[in-house]
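Comments concern the structure below.
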Amino acid sequence: YETVLHVFSAGNDGTYTCSPYPPSYATVKTGWQSAKNVLTVGAMNQVDYSITVFSSRGPVQDGRLKPEIVASGLNVFSTWTLNRYGFNSGTSMSGPMVAGAATILNERYRQLNGGATPKAALLKALMCNTAEDLGNPGPDFTFGFGLLNARRAVEAMEGNRYFISTTTPATYPITVPAGVRRLKVMLYWADPAAAPNSAGTLINDLDLTVTAPGPAT
């Protein structure tokens with residue numbers, strides 16, 4: 001189902017040690033959270049933008065990056081048992097925030113494209129590439145690509161700042177307006193299923209190069 005984006009909470013096992021990895025790492029749940037075409041969400045502290053101690057971190061078993069994105073997951077005011085509201089913490093708090101943003105992106109795409117439903121890969125790429133980078137520069141096994149920024153994701157969609165190709169190799173020109181602070185380019189693809197119990201999960205191995213005037217690659 002290419003138009004269904006599954007959003008999963010990474011898990012709350014960040015206080016564990018999975019040898020030979022350092023404490024907290026390689027603790028992402030080994031179920032649906034580790035699937036390659038889903039969007040796996042970690043939990044951050046919205047007060048100081050640090051990762052919560054409980055948030056599970058990557059990598060997954062074959063080295064892939066997880067989680068891909070983080071959202072607020074500490075002391076979140078939300079629904080509670082017996083029709084009440086209360087504060088709760090966990091990646092089960094941050095995951096629904098990202099799922100809600102994906103729903104809004106889906107709705108906006110349909111408004112812009114005559115009711116057509118976007119591919120899940122596009123929604124995932126838009127949210128990951130517009131996320132606020134946290135922790136180590138660039139993507140990492142703690143924050144993924146960073147903190148969800150739904151406004152930027154919608155603006156990227158509205159500005160048609162994406163390119164979809166079904167063939168490789170593919171070349172796409174990017175016009176960078178004057179005064180732009182930073183250019184972030186992401187290559188993402190929905191990967192077909194691997195054979196059961198295979199050592200590696202990825203089937204396709206695609207590469208991205210960006211060439212600036214000069215040329216400089």
Side-chain angles (χ1 to χ4, degrees), residues 2 5 10 21-22 25-26 28 34-42 44 48-51 57-71 98 101-102 105 108-109 112-113 118-192 194 199-217:
E2 293 182 340
L5 176 62
Y21 295 93
Y25 289 91
V28 171
S34 295
K36 55 192 173 184
N37 294 326
V38 307
L39 182 55
T40 305
V41 185
M44 54 151 284
D48 61 5
Y49 294 89
S50 63
I51 199 69
R57 308 178 192 186
V60 293
Q61 191 169 13
D62 63 354
R64 285 177 293 110
L65 179 76
K66 290 284 181 177
E68 290 99 352
I69 201 167
V70 297
V98 175
L105 281 171
R108 186 59 178 144
Y109 183 93
L112 297 170
N113 293 276
K119 295 289 183 67
L122 175 60
L123 298 184
K124 181 177 176 180
L126 284 169
M127 287 189 284
C128 288
N129 201 41
T130 58
E132 302 279 356
D133 189 24
L134 297 176
N136 296 327
D140 57 58
F141 295 127
T142 301
F143 294 94
F145 290 95
L147 169 64
L148 170 71
N149 189 323
R151 177 183 59 82
R152 280 188 181 176
V154 171
E155 289 175 347
M157 175 186 289
E158 292 175 337
N160 292 314
R161 295 198 294 271
Y162 59 88
F163 172 65
I164 300 176
S165 176
T166 57
T167 61
T168 57
T171 302
Y172 183 67
I174 300 174
T175 301
V176 182
V180 169
R181 180 171 60 92
R182 179 172 56 185
L183 172 68
K184 294 172 65 177
V185 183
M186 173 182 289
L187 170 65
Y188 181 79
W189 66 95
D191 206 55
T201 303
L202 288 178
I203 299 298
N204 295 311
D205 181 9
L206 306 182
D207 298 309
L208 168 71
T209 59
V210 180
T211 303
T217 299

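Computed over heavy atoms, backbone and side chain alike; hydrogens, waters and symmetry mates excluded.
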Between Asn37 (side chain only) and Asp191 (backbone N and O only), is there a donor and an acceptor less than 3.5 Å apart? yes
Give a yes or no on this: more than 12 heavy atoms of other residues, nucleotides or ligands lie within 6.0 Å of atom CD of Glu132. yes
Would the number of heavy atoms belonging to other residues, nucleotides or ligands and lying under 6.0 Å from CD of Glu155 be above 12? yes
In terms of ring plane angle, is the pair Phe163 and Tyr172 parallel, tilted or perpendicular, where the classes change at 30° and 60°? parallel
Let me confirm one number: the CG-CG distance from Leu123 to Leu39, rounded to the nearest 0.5 Å. 9.5 Å
Do Lys36 and Ile203 touch side chain to side chain, with heavy atoms closer than 4.5 Å? yes
If you look at every heavy atom in Tyr25 and Gly58, which pair is closest and at what distance? CD2-O, 3.3 Å
Could you go step by step and tell me if Met186 and Phe145 meet the side-chain contact (heavy atoms from CB on, under 4.5 Å) rule? CA-CA 11 Å; Met186 173 182 289; Phe145 290 95; 3.5 Å; yes
Is there side-chain contact between Ile69 and Lys124, with heavy atoms separated by less than 4.5 Å? no
Interatomic distance, OG1@Thr142 vs CG@Asn136, rounded to 0.5 Å, equals 7.0 Å
Within this structure, what is the CZ-CG distance for the pair Arg108 and Asn113, rounded to the nearest 0.5 Å? 9.5 Å
Measure the spacing between OG1 of Thr130 and CZ of Arg161 and express it to the nearest 0.5 Å. 9.0 Å
Tightest non-hydrogen contact, residues Ala35 and Val38, listed as O-CG2, 3.3 Å
Glu68 and Met127, any side-chain heavy atoms less than 4.5 Å apart: no
Least distance between heavy atoms, Arg64 atom then Phe141 atom: O-CE2, 3.9 Å
What distance do Leu147 atom CG and Tyr49 atom OH have between them, rounded to the nearest 0.5 Å? 6.5 Å
Would you say the side chain of Lys119 lies within less than 4.5 Å of the side chain of Ile164, judging by non-hydrogen atoms? no
Check against side-chain contact (heavy atoms from CB on, under 4.5 Å), Met44 and Leu148: CA-CA 11 Å; Met44 54 151 284; Leu148 170 71; over 6 Å; no
Any idea which heavy atoms bring Thr167 and Ser165 closest together, and the distance? O-OG, 3.0 Å
Taking all atoms of both residues into account, what is the closest heavy-atom pair of Ala150 and Ala101, and its distance? CB-CB, 4.1 Å
Answer yes if the side chains of Thr40 and Lys66 hold a donor-acceptor pair under 3.5 Å, and no otherwise. yes
Using a cut-off of 6.0 Å, state whether more than 12 heavy atoms not belonging to Tyr188 lie near its atom OH. yes
Looking only at heavy atoms, the pair that brings Ala194 and Thr201 closest together is CB-O, 3.3 Å
Kindly compute the distance separating CG (Asp133) from CG (Asp140), expressed to the nearest 0.5 Å. 7.0 Å
